[in-house]
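Report on the following structure.
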Amino acid sequence: MAEELGVAVVGFGWMGRVHTRAYARLPHHYPRLPLRPRLVAVAEESPGLAEEAAERYGFATATRDWREVAADPRVRAVSVTAPNFLHRRIGVAMAEAGKHLWIEKPVGLGAGDARAVADAVAKAGVQGAVGFNYRNAPAVEAARDLIASGGIGAVTHARIRLFSDYAAHPDSALTWRYERERGGSGVLGDLASHGADLARFLLGDITALTADTAVFVPERARPSGATAGHTLAPGGERGPVENEDYVGCLLRFASGARGVLEACRVSVGEQNAYGFEVHGTRGAVFWDFRRMNELAVSRGTSYQDQPVSTVHVGPGAGEFAAFQPGAANAMGYDDLKVIEAYRFVRSIAEDTPYGATLADAVRGAIVLDAMAESAATGGWVRPGAGPTGTSAGISPEPPESRNR
């Protein structure tokens with residue numbers, strides 16, 4: 001019989017609900033997992049939301065103060081889905097209290113915050129997981145295996161895109177997401193963080209980059225009360241947007257491959273248009289989140305006019321078999337978080353990390369900080385090379401670009 005694992009969720013917006021459902025579904029998809037989550041506590045500072053969550057989902061305790069969760073001996077593992085500016089404070093406190101930590105990206109407002117949480121997790125000897133959910137798609141894992149096996153030859157170049165319209169409306173509310181102090185970077189932390197993780201997951205370390213950012217909706221309406229999600233505030237007093245709507249970035253990888261990463265939160269006509277294209281010397285592989293269970297693959301020896309085939313991933317890819325019995329049976333977004341929860345809980349059960357870790361969050365945050373620095377200075381930056389953990393200096397082009 002599985003041992004109970006007391007879990008808590010701190011922050012109960014949409015992502016808090018996704019984590020909660022993922023915990024609840026684990027026994028259905030992974031019945032042999034030796035730990036079974038039990039919903040012990042939920043913390044949310046907005047009045048009434050924690051109580052509503054407890055009644056709806058069955059948490060034993062509801063509170064407005066996350067510190068009560070840290071002090072609760074029944075809680076062994078915590079999901080942190082609160083706003084970005086709270087990630088460091090809550091994440092460090094939970095680790096210091098001996099709680100295993102599943103925290104949403106970007107893990108704070110920059111690489112310093114992510115590193116502080118990672119250090120606290122390491123010092124406490126607990127497990128830490130990060131919400132880089134797109135790498136959990138079975139098709140993405142199949143693409144990674146294809147690339148690593150040389151199935152498309154040596155990678156030459158790639159493009160990673162994350163376009164959405166959630167912030168495109170001019171009357172969208174000026175929430176914490178658009179403030180430097182509470183949201184940190186804008187589309188960098190929100191969408192490009194996933195892009196940086198996918199780039200590293202698929203293609204390895206990023207050695208140099210140059211980026212450009214822009215704000216396309218410079219003012220938004222101040223909300224009159226508490227907000228949830230991406231709400232509108234028509235007629236509200238206008239206030240300035242302090243972080244970027246768009247980033248475009250050129251990447252250089254340790255392998256010698258080149259890349260383009262683009263992310264935008266105000267792309268009218270685009271809804272969750274996330275994906276990648278990876279080209280090699282003998283083929284290519286393409287993935288679109290909106291067709292999550294498919295890959296477009298070109299491989300062979302034709303080179304010119306080589307066809308592209310659609311591959312429907314099945315039980316042999318990633319964790320697909322835990323959800324569906326055969327290829328072309330669809331999986332969805334919430335399933336990716338169930339996989340994430342499984343890997344987190346398995347990490348706790350076996351005292352071995354599985355899936356995206358706090359180390360991945362730190363590496364990704366360093367890349368994001370380098371993008372911000374490059375956009376500010378207009379030059380190439382080497383992620384992690386300098387005294388602040390971002391760059392060692394700016395030059396017109398990265399040295400490795402010469403004589404190629």
Side-chain angles (χ1 to χ4, degrees), residues 2 5 7 9 14-37 39 57 77-81 100-107 127-148 162 193-198 200-202 272 274-276 287-295 311-361 364:
L5 175 72
V7 301
V9 176
W14 168 65
M15 188 54 68
R17 295 192 294 273
V18 172
H19 277 232
T20 300
R21 292 193 296 267
Y23 284 129
R25 290 176 56 192
L26 274 185
H28 306 159
H29 297 281
Y30 299 95
R32 293 184 177 83
L33 194 59
L35 294 176
R36 176 165 296 194
L39 301 177
Y57 293 100
V78 178
S79 283
V80 175
T81 61
H100 301 287
L101 183 66
W102 178 13
I103 187 168
E104 275 304 313
K105 57 80 196 168
V107 192
Q127 294 297 320
V130 181
F132 290 131
N133 39 267
Y134 298 110
R135 64 156 63 189
N136 297 324
V140 172
E141 295 192 279
R144 187 193 196 205
D145 291 344
L146 177 66
I147 293 165
L162 298 107
S193 57
H194 284 299
D197 182 67
L198 283 173
R200 290 187 54 255
F201 183 71
L202 293 168
N272 299 323
Y274 310 151
F276 56 76
W287 179 73
D288 187 326
F289 170 66
R290 296 167 297 183
R291 303 175 70 91
M292 191 178 83
N293 306 288
E294 299 179 10
L295 286 176
V311 176
H312 298 278
V313 298
E319 295 293 327
F320 189 96
F323 298 86
Q324 299 294 350
N329 286 286
M331 291 175 60
Y333 176 89
D334 278 23
D335 295 331
L336 302 184
K337 302 305 278 192
V338 175
I339 294 171
E340 210 167 279
Y342 161 66
R343 289 172 172 165
F344 174 50
V345 174
R346 184 183 177 190
S347 298
I348 297 169
E350 300 181 18
D351 195 27
T352 300
Y354 292 95
T357 66
L358 268 299
D360 291 308

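Note that this is a predicted model, so its numbers are computed, not measured.
No more than 12 heavy atoms of other residues, nucleotides or ligands sit less than 6.0 Å from atom CZ of Arg291.
Between Asp334 and Arg25 there is no salt bridge, since none of the side-chain N atoms of the basic residue sits less than 4.0 Å from a carboxylate O of the acidic one. Classification of Arg343 and Glu141 as a salt-bridged pair holds, one side-chain N sitting under 4.0 Å from a carboxylate O.
Judged by distance alone, the side chain of His312 and the main-chain N or O of Ala327 form no donor-acceptor pair under 3.5 Å. Using modelled atom types, no side-chain atom of Gln127 and backbone atom of Ile348 make a donor-acceptor pair closer than 3.5 Å.
Every residue two or more places apart in sequence or in another chain that forms a side chain to side chain contact (heavy atoms under 4.5 Å, CB included) with Ala349 is listed here: Pro34, Leu35.
Leu39 contributes atom CG, which lies 10.5 Å from atom CG of Leu5 (distance to the nearest 0.5 angstrom). To the nearest 0.5 Å, atoms CZ (Phe132) and CG (Leu198) are separated by 9.5 Å. Taking CZ of Phe276 as the reference point, atom CG of Leu202 lies at 5.0 Å (rounded to 0.5 Å). In this structure, the separation between CE on Met331 and CD on Gln324 is 7.5 Å, given to the nearest 0.5 Å.
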Could you walk me through whether Arg200 and Asp360 pass the side-chain contact (heavy atoms from CB on, under 4.5 Å) test, one step at a time? CA-CA 9 Å; Arg200 290 187 54 255; Asp360 291 308; 3.5 Å; yes
Evaluation steps, side-chain contact (heavy atoms from CB on, under 4.5 Å), between His29 and Tyr342: CA-CA 9 Å; His29 297 281; Tyr342 161 66; over 6 Å; no
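In this structure, the side chains of Tyr23 and Val9 come closer than 4.5 Å at one or more pairs of heavy atoms.
Under the 6.0 Å distance and 45° angle rule, Arg144 counts as a cation-pi partner of Phe201.
Between Phe344 and Trp102, the two ring planes are tilted [angle within 30° to 60°].
Taking the six-membered ring where the residue is Trp, the centroids of Tyr333 and Trp14 are separated by under 6.0 Å.
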